[in-house]
Amino acid sequence: MTGQPLPGFRDFYPPEHASLRGIFSAWREASRRSGFSEYEGPELESLELYTEKSGDEIVGQLYHFKDKGDREVALRPEMTPTFARMVAGQHRNYKKPIKWFSIPRLFRYERPQRGRHREHYQWNCDIVGERSPCAEAELIATLCLGLSLLGLGSKDVVVKMSDRGWWDRFLEKHGVKEENKPGVLRVLDRLEGATPEQRKEKLGALAKPVEEAWEGNVHDSEALGEIKSALGKMGYGNWCETDFRIVRGLAYYTGVVFEVHDRAGKLRAVAGGGRYDDLLKKLGGEDLPATGFGMGDAVLGELLRDKKIESGKQEGADLFVVAEGAEKDLALSMVGSLRRAGFAVDYEPGFPKWGKQLELAEAKGARWALLVGREAKDGKVGFKEISTRRQGEARWIGQKDGSICLEPSPGDWAKVLA
RNA sequence: GCGGCCGUAGUUCAGUUGGUAGAACUCCAGAUUGUGGUUCUGGCUGUCGCGGGUUCGAAUCCCGUCGGUCGCCCCA
């Protein structure tokens with residue numbers, strides 16, 4: 001085996017890259033339609049940005065090293081610190097609420113597994129400066145739009161929502177001390193697969209009320225109710241449900257949190273997010289409320305593969321110029337002119353035998369073959385629809401400026417043959 | 001960090017009780033010097049993941065290591 005990528009890193013050959021681009025364009029399109037603006041930051045940041053401001057879990061998996069200037073640097077493991085820094089720096093120049101998105105490539109040094117590498121792309125959408133839960137609804141609506149643009153619907157995925165504020169009050173009511181709350185929440189986050197006995201052991205007296213909450217025998221919090229109502233109006237009512245089992249591991253969430261899961265429950269979360277009202281202040285910025293989500297390409301890709309959804313395919317050229325060797329100068333002129341006229345044009349620079357050129361034209365997925373042969377001397381060229389093998393004839397006309405135009409134009413060939 | 005399975009041509013894999021490596025497809029060339037999805041012919045490529053050990057002899061057995069994969073831990 002020669003030249004493999006580093007462990008956990010991926011090569012994207014054209015077919016895989018086409019799928020990746022399909023995912024990106026769905027993300028971008030959903031963001032654009034929902035009024036989010038794209039931003040980007042450095043993929044390499046000072047180690048300090050993460051060690052001081054992120055949780056221990058993230059720091060333990062940082063991909064970091066010392067650069068040639070002896071600086072401790074890290075490949076970004078998440079976008080939020082960079083986003084927070086950027087917002088803190090310039091937010092006065094932007095009207096609130098700020099709605100920004102990005103598709104960063106993120107890195108973590110950890111053991112690669114299914115749907116999990118040392119590098120991945122993550123769609124991040126955040127809203128800053130909006131305290132109302134309508135911001136969450138807006139994010140979830142955007143998220144659902146992105147998924148639907150990829151061909152996923154409410155029968156494939158579900159947005160599970162919970163509320164840390166609700167848990168806060170719940171724990172308060174059951175006499176959990178303020179300083180113990182984070183610890184209890186962490187325990188709750190890890191109890192997904194535990195047996196009732198194990199739960200009882202970990203939670204003690206809390207086990208029974210927690211069990212009831214998990215069974216859904218409790219009312220939504222006010223915030224969740226508002227979000228559900230808004231999402232219902234926007235047409236995503238059947239995508240969402242309350243699930244108080246969702247807690248999210250990250251410490252900085254303060255309010256509503258949510259995750260997207262496949263309905264079958266086979267994969268880990270496809271996306272996750274929530275409100276982090278205190279984080280920007282802690283990171284040294286202004287006291288601005290914020291909420292956001294991230295969706296990685298890895299688990300999403302697994303889901304699309306399971307559902308047999310092709311997110312993007314390679315497009316071939318509009319036309320492939322096939323020419324006899326003697327006409328190669330004319331062919332090259334046509335290639336140049338047609339490309340300037342807006343067509344995607346490919347050809348084989350070596351101008352081998354016709355059969356070979358046509359074979360290549362088909363293999364590369366071109367729609368039309370432009371046939372430049374001896375008749376070219378009489379001003380004639382052929383065009384052929386590769387998939388149907390139907391053929392027609394066109395005239396080529398040299399312009400004063402040296403460019404060449406075809407009559408009829410390639411754009412009309414389909415009509416001519418019809 | 002822990003455990004299961006795996007690692008042979010570009011790709012997918014075969015390789016029988018250890019005897020120094022094969023198929024299919026792909027790719028390249030030709031049959032077919034102006035018409036491509038068929039067919040036929042010929043050709044290329046492997047330090048059998050790497051290192052060590054057992055043996056007259058290892059792709060095959062043993063140990064280690066690296067990589068892949070699945071699960072656990074953990075988590076964006």
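Lettering follows sequence order; numbering is per chain, from 1.
Residues forming a salt bridge (charged side-chain N to carboxylate O under 4.0 Å, His left out) with Glu172(A) (at least two apart in sequence, or on another chain): Lys181(A). Annotation: salt bridge (charged side-chain N to carboxylate O under 4.0 Å, His left out) contacts of Arg85(A) (sequence neighbours excluded): Glu45(A). Residues passing the side chain to side chain contact (heavy atoms under 4.5 Å, CB included) test with Lys364(A) are Phe320(A), Asp346(A), Leu360(A), sequence neighbours excluded. In this structure, the side chain to side chain contact (heavy atoms under 4.5 Å, CB included) partners of Phe24(A), at least two apart in sequence or on a different chain, are Leu20(A), Trp27(A), Arg28(A), Ile103(A), Tyr121(A). Residues satisfying the side chain to side chain contact (heavy atoms under 4.5 Å, CB included) test with Ala264(A), not counting sequence neighbours, are Asp262(A), Lys266(A).
The ring-ring contact (aromatic ring centres under 6.0 Å, His included) analysis of residues 28-49 of chain A, with sequence neighbours excluded, yields the pairs Tyr39(A)-Phe83(A), Tyr39(A)-Trp100(A). Legend: salt bridge (Lys or Arg N to Asp or Glu O under 4.0 Å) pairs involving residues 319-343 of chain A, not counting sequence neighbours, sorted by first then second residue: Glu327(A)-Lys377(A). The side-chain hydrogen bond (donor to acceptor under 3.5 Å, both in side chains) analysis of residues 381-392 of chain A, with sequence neighbours excluded, yields the pairs Arg367(A)-Glu385(A), Glu385(A)-Thr388(A), Glu385(A)-Arg390(A), Thr388(A)-Arg390(A). Pairs passing the ring-ring contact (aromatic ring centres under 6.0 Å, His included) check and including a residue from residues 366-394 of chain A, sequence neighbours excluded, read Trp368(A)-Phe383(A), Trp368(A)-Trp413(A), Phe383(A)-Trp413(A).
A donor and an acceptor atom never sit less than 3.5 Å apart when one is taken from the side chain of Lys353(A) and the other from the base of U32(B).
For the C1' atom pair drawn from G46(B) and U33(B), the interatomic distance equals 37 Å after rounding to whole Å. C25(B) and A14(B) have their C1' atoms separated by 14 Å, given to the nearest Å. Atom name C1', nucleotides G64(B) and C74(B): the rounded distance is 28 Å, in whole Å. Between the C1' atoms of C44(B) and G49(B), the separation comes to 23 Å (whole Å). G53(B) and U41(B) have their C1' atoms separated by 47 Å, given to the nearest Å. As rounded to the nearest Å, U35(B) and A59(B) have C1' atoms that lie 48 Å from one another. Taking the C1' atoms as reference points, C50(B) lies 16 Å from C6(B), given to the whole Å.
Nucleotide G36(B) holds its C1' atom 7 Å from the NZ atom of Lys384(A), rounded to whole Å. Atom-to-atom, CH2 of Trp368(A) to C1' of G36(B) comes out at 16 Å; the value is rounded to the nearest Å. Between Leu358(A) atom CG and U32(B) atom C1' there is a gap of 14 Å when expressed in whole angstrom units. Following rounding to the nearest Å, Ile246(A) (CD1) and A76(B) (C1') show an atom-to-atom distance of 15 Å. Counting to the nearest Å, the C1' atom of C74(B) and the CD atom of Glu110(A) are 8 Å from each other.
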Report the C-alpha distance between Glu119(A) and Arg10(A) in whole Å, list the side-chain angles of each, state the deciding distance to 0.1 Å, and finish with yes or no for salt bridge (Lys or Arg N to Asp or Glu O under 4.0 Å).
CA-CA 8 Å; Glu119(A) 139 280 315; Arg10(A) 299 170 291 173; 2.7 Å; yes
Identify all pairs in which a protein N or O lies below 3.5 Å from an N or O of nucleotides 37-39 of chain B, and state each distance.
unit_1, atom_1, unit_2, atom_2, d
G37(B), N7, Arg389(A), NE, 3.3
G37(B), N7, Arg389(A), NH2, 2.6
G37(B), N3, Glu362(A), OE2, 3.1

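Secondary-structure annotation of RNA chain B gives the stems B:1-7 with B:66-72, B:10-13 with B:22-25, B:27-31 with B:39-43, B:49-53 with B:61-65, with a stem taken as at least 3 successive Watson-Crick or G-U pairs whose two distances both fall under 3.5 Å.
Between the side chains of Asp278(A) and Tyr253(A), no donor-acceptor pair is found at a separation under 3.5 Å.
Taking the six-membered ring wherever Trp is involved, the centroid distance between the rings of Tyr13(A) and His17(A) does not fall below 6.0 Å.
Taking 4.0 angstrom as the limit, Lys356(A) places none of its side-chain polar atoms (N or O) nearer than this to OP1 or OP2 of U33(B).
Taking for each of Gly294(A) and Gly373(A) the nucleotide of RNA chain B with the nearest heavy atom, the 5'-most of the two is the partner of Gly373(A).
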Summary of protein contacts for nucleotides 65-70 of chain B, nucleotide by nucleotide, where a base hit scores B, a sugar-phosphate-only hit scores S (4.0 Å, heavy atoms):
--SSBS
